[in-house]
Amino acid sequence: MMTDPLQARLELAVQRAFQELFDAEIPLKQVSFQATRPEFEGDVTINVFPFLKQSGKGPEPTATAIGEYLVQEEPVVARFNVIKGFLNLVIAESYWTGFVAEAAARDILQFPSNGRRVMVEYSSPNTNKPLHLGHLRNNFLGHSVSRILKAAGHEVVRVQVINDRGIHICKSMVAWRKLGKGETPQSSGLKGDKLVGKYYVEFDKAFKAEVDTLVAGGMVREAAEKEAPILLEAQEMLRQWEANDPEVRALWERMNGWVYDGFNATYTRMGVEFDKLYYESNTYVLGKQDVLDGLEKGIFFRKEDGSVWVDNTAEGLDEKVLLRRDGTSVYMTQDIGTAIQRFKEFPGLAQLTYVVGNEQDYHFKTLFIILRKLGFPWAQDLHHLSYGMVDLPSGKMKSREGTVVDADDLIEEVVGEARAMGEQLSKLDDFSEQEKAALFEMIGLAALKYYLLKVDPKKRMLFDPAASIDLQGHTGPFIQYTYARIRSLLRKAEGMGTWASDQRGAWDLLPEERTVIKLLHQLPTVLHEAAHKLDPSALANHTYELVKAYNSFYQAIPVLKEESSDRRAFRLALSAAVADATKKAMWCLGINVPERM
RNA sequence: GACCCCGUAGCUCAGUUGGAUAGAGCAUCUGCCUUCUAAGCAGAUGGUCACUGGUUCGAAUCCAGUCGGGGUCGCCA
């Protein structure tokens with residue numbers, strides 16, 4: 001965990017203070033810092049309550065003694081005050097102005113490369129259905145986490161697993177062959193993934209009709225659901241697929257191709273990217289040998305019927321099957337093999353993060369324990385970014401009840417809302433239609449992405465359609481707006497000269513300036529924490545705090561109209577630093593920012 | 001039933017290595033465009049931090065229990 005440089009410096013100074021004043025040792029980590037509450041004077045507050053034993057004095061004398069020591073010995077501490085057990089420190093202006101100069105000159109949200117390569121897996125769609133709201137949270141999270149890790153200095157490999165085989169896609173294939181009349185995306189103009197999804201639904205309809213017919217003919221429903229001819233046909237097709245039947249394989253490739261075209265169109269619009277794709281049709285055979293090796297070493301055990309199991313009861317979990325009695329593998333087997341393959345493929349991989357919903361918590365717990373038992377040292381570097389479900393006001397999304405929110409439709413809706421708002425404000429009269437379209441696309445997607453990313457990933461969240469297209473308040477467009485406003489300011493200021501930290505005159509920072517500077521100063525630490533915790537919401541919320549503070553500053557304090565050229569230049573430098581940091585922070589969330597809006 | 005997660009303002013969410021009077025946005029109400037973009041700013045209203053007990057100088061935060069919501073417990077993926 002990283003503490004910011006100012007804090008690290010103060011921690012050491014406080015430690016020295018205890019040493020010299022009270023001849024007492026205090027552990028660095030025990031020094032608790034917090035931002036000073038606005039109603040008191042100060043920037044940083046230290047709570048001395050935990051150290052009364054070491055000092056042998058009451059809270060106030062302890063705090064006062066430390067405060068006096070810091071003012072004397074640590075140049076960044078300008079003065080202090082003590083209220084109850086709280087030592088409020090005022091940090092020297094030169095520290096803050098020096099920081100602004102630095103933030104205006106370089107990207108404070110880009111950490112130097114640390115040489116660690118990490119992998120993030122996200123998306124993992126099935127090829128029988130279009131992408132929906134759940135995929136959006138997954139993709140935005142995965143994409144953002146990848147960028148945050150990159151900004152934190154990692155080299156990131158983004159991967160996607162595509163579930164392209166199995167009974168589900170065979171169902172679509174059967175229905176298309178029977179009912180499709182040769183329909184293609186070209187012939188009907190339907191997006192490829194939507195077309196295949198349509199036949200998946202058609203299959204279900206036909207299946208239900210057949211079951212009803214069989215039941216009407218006197219068959220028990222349970223039996224009918226196993227024997228409906230169209231289901232048998234799909235199962236037969238899966239066998240043919242596994243036997244490499246050329247005709248079935250050709251149809252499979254053709255229909256999956258349509259799906260990929262559709263997915264790619266959606267991914268492009270979402271602005272989500274991958275470095276490498278894994279297809280389940282290639283990886284589903286992996287893991288079997290690894291399980292057999294584990295069996296030989298006595299890590300797993302075989303039951304009388306021949307099936308192979310792992311016993312995780314000692315870890316508080318359960319027994320879990322790894323190979324069926326007929327020797328075929330299950331999902332877990334595949335995941336074991338895939339993980340092993342990835343660490344072979346990318347030697348020295350420092351971390352592998354799976355972005356997968358929390359309904360699979362148990363699966364990943366089990367998977368990680370198994371890999372640890374198999375003795376892979378990297379097993380401790382596996383993470384499950386377990387995110388909560390997205391609920392609708394009406395409850396859970398259910399495909400059977402037709403309440404699934406389609407990704408393409410949703411994007412279309414937020415972009416439409418951005419357009420409606422943009423046209424109404426009519427600030428863009430000199431924009432071409434093309435420029436407008438690009439801007440509304442950017443704003444709409446910002447609204448959607450920010451809405452899904454500002455919530456702690458671990459928590460289930462409510463998707464309120466009305467709130468998600470909101471462009472005011474705690475939203476992506478609000479942040480974009482602040483950025484555009486600063487850019488406009490900076491364009492007007494061109495030629496007014498630059499500012500350097502040695503140029504500061506004898507002035508006091510205004511409270512509005514100080515607030516902005518402090519939030520900006522914390523941002524790199526927040527980014528680092530977000531990388532550590534795999535949590536974009538921390539960065540999203542802090543970025544909002546920053547631009548909110550900037551807006552208050554902007555509204556209350558003149559910049560271009562400031563008469564003192566030094567102060568004006570300083571405010572421009574601060575504005576530029578906020579703009580740069582905001583742009584980078586939003587980039588880390590996968591959100592673009594406009595020069596005007 | 002067992003295990004896991006969650007419960008903070010009317011609604012959606014921050015805040016949890018234990019610290020000062022628990023914060024935002026939306027909604028409602030009041031001001032502010034002759035001044036750098038009003039997608040903004042300033043302010044008001046709104047709280048038994050689910051409940052009970054415990055730990056301690058101090059608990060929304062830690063522990064136990066109760067209630068409520070969700071998830072997982074397949075030789076499915």
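Chain identifiers are assigned alphabetically (A, B, ...) following the order of the sequence lines, protein sequences preceding nucleic acid strands; residue numbering begins at 1 within each chain. Because only heavy atoms are used, hydrogens play no part in the values below, and waters and symmetry mates are left out as well, while side chains stay in.
- When ring centroids are compared, A:F364 and A:H383 stay outside the 6.0 Å threshold.
- Residue A:E545 is classed as having no contact, given no heavy-atom separation below 4.0 Å to the nucleic acid.
- Distance, A:Q360 CD to B:A77 C1': 8 Å, rounded to whole Å.
- Whole-Å rounding puts the A:Q480 CD to B:U37 P distance at 18 Å.
- Rounded to an integer number of Å, the gap from NZ of A:K427 to P of B:A38 is 7 Å.
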Evaluation steps, side chain to side chain contact (heavy atoms under 4.5 Å, CB included), between A:R137 and A:M461: CA-CA 10 Å; A:R137 190 177 198 193; A:M461 65 174 290; 3.6 Å; yes

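- Of the listed nucleotides (B:A77, B:G71, B:G40), B:G40 has the atom at the smallest distance from the side chain of A:N551.
- Taking the charged nitrogens against the carboxylate oxygens, A:K226 and A:E222 have no contact shorter than 4.0 Å, which rules out a salt bridge.
- Close to B:A42, at under 4.0 Å from its OP1 or OP2, lies a side-chain N or O of A:S552.
- Counting non-hydrogen atoms under 4.0 angstrom, A:A484 reaches a base of the nucleic acid.
- With respect to A:D430 and A:R596, a salt bridge is recorded, a charged nitrogen being found less than 4.0 Å from a carboxylate O.
- Between the side chains of A:S386 and A:D361, at least one donor N or O sits under 3.5 Å from an acceptor N or O.
- Taking the side chain of A:L560 as heavy atoms from C-beta on, and the options B:A39, B:C36, B:G25, the nearest nucleotide is B:C36.
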Verdict with reasoning, A:Y354 to A:Q360, per side chain to side chain contact (heavy atoms under 4.5 Å, CB included): CA-CA 11 Å; A:Y354 298 87; A:Q360 293 196 37; over 6 Å; no

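- For A:S488 and B:U37, the shortest distance from a side-chain N or O to OP1 or OP2 is below 4.0 Å.
- For A:Y554 and B:U37, the shortest distance from a side-chain N or O to OP1 or OP2 is below 4.0 Å.
- Phosphate proximity of B:A39 to A:Y481: present, with a side-chain N or O under 4.0 Å from OP1 or OP2.
- A donor-acceptor distance shorter than 3.5 angstrom exists from the side chain of A:T403 to the backbone of A:K398, with no hydrogens or angles considered.
- Atom P of nucleotide B:A77 and atom CG of A:L367 are separated by 15 Å, given to the nearest angstrom.
- Residue order along RNA chain B, read from the 5' end via each residue's closest nucleotide, puts A:L489 first among A:H363 and A:L489.
- Salt bridge A:D326/A:R324: absent, no basic N to carboxylate O contact under 4.0 Å.
- Separating the CZ atom of A:R596 from the C1' atom of B:C36 is a distance of 15 Å, rounded to the nearest angstrom.
- Using a cutoff of 4.0 Å between basic side-chain nitrogens and carboxylate oxygens, A:E513 and A:R571 are scored as salt-bridged.
- Not one N or O on the side chain of A:Y200 forms a donor-acceptor pair closer than 3.5 Å with the backbone of A:I169.
- Electrostatic pairing of A:E236 and A:R239 counts as a salt bridge here, judged by a charged N lying under 4.0 Å from a carboxylate O.
- In textbook terms, a nucleotide whose glycosidic angle is within 90° of 0 is syn, and B:C33 is one such case.
- The interatomic distance linking A:K171 (NZ) with B:C76 (C1') rounds to 11 Å, in whole Å.
- The shortest distance between the side-chain N/O atoms of A:R324 and the OP1/OP2 oxygens of B:C76 is below 4.0 Å.
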Protein-to-nucleotide contact annotation, 5' to 3' order, nucleotides 4-13 of chain B [B base; S sugar-phosphate only; - none; under 4.0 Å, heavy atom]: ---S----SS

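- Consecutive Watson-Crick or G-U pairs involving RNA chain B, each under 3.5 Å on both distances, make up stems of three or more pairs at B:1-7 with B:67-73, B:10-13 with B:23-26, B:28-32 with B:40-44, B:50-54 with B:62-66.
- You'll find the ring centres of A:Y481 and A:F478 outside the 6.0 Å limit.
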Might you list the N or O atoms of the protein lying below 3.5 Å from N or O atoms in nucleotides 17-22 of chain B, with each pair's distance?
from, atom 1, to, atom 2, distance (Å)
B:G19, N9, A:N47, ND2, 3.1
B:G19, N7, A:N47, ND2, 2.8
B:A20, N6, A:T45, OG1, 3.0
B:A20, N6, A:N88, OD1, 3.1

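- Comparing A:Y544 and A:L317, the nucleotide of RNA chain B nearest to each residue sits closer to the 5' end for A:L317.
- Using a cut-off of 4.0 Å between Lys/Arg side-chain N and Asp/Glu carboxylate O, A:E563 and A:R568 are scored as not salt-bridged.
- A:K492 comes within contact range of the sugar-phosphate backbone alone, with a heavy-atom separation under 4.0 Å but no base atom that close.
- Within the 4.0 angstrom heavy-atom criterion, only backbone atoms of the sugar-phosphate kind lie near A:F478; the bases stay farther away.
- Within the 4.0 angstrom heavy-atom criterion, base atoms lie near A:P558.
- Spacing between atom CZ of A:R485 and atom C1' of B:C33 amounts to 12 Å, rounded to whole angstrom units.
- Here A:I486 lies out of heavy-atom contact (under 4.0 Å) with every strand.
- Within the structure, a side-chain polar atom (N or O) of A:K548 is placed less than 4.0 Å from OP1 or OP2 of B:G25.
- A:R491 has no side-chain polar atom (N or O) that falls below the 4.0 Å cut-off from OP1 or OP2 of B:C36.
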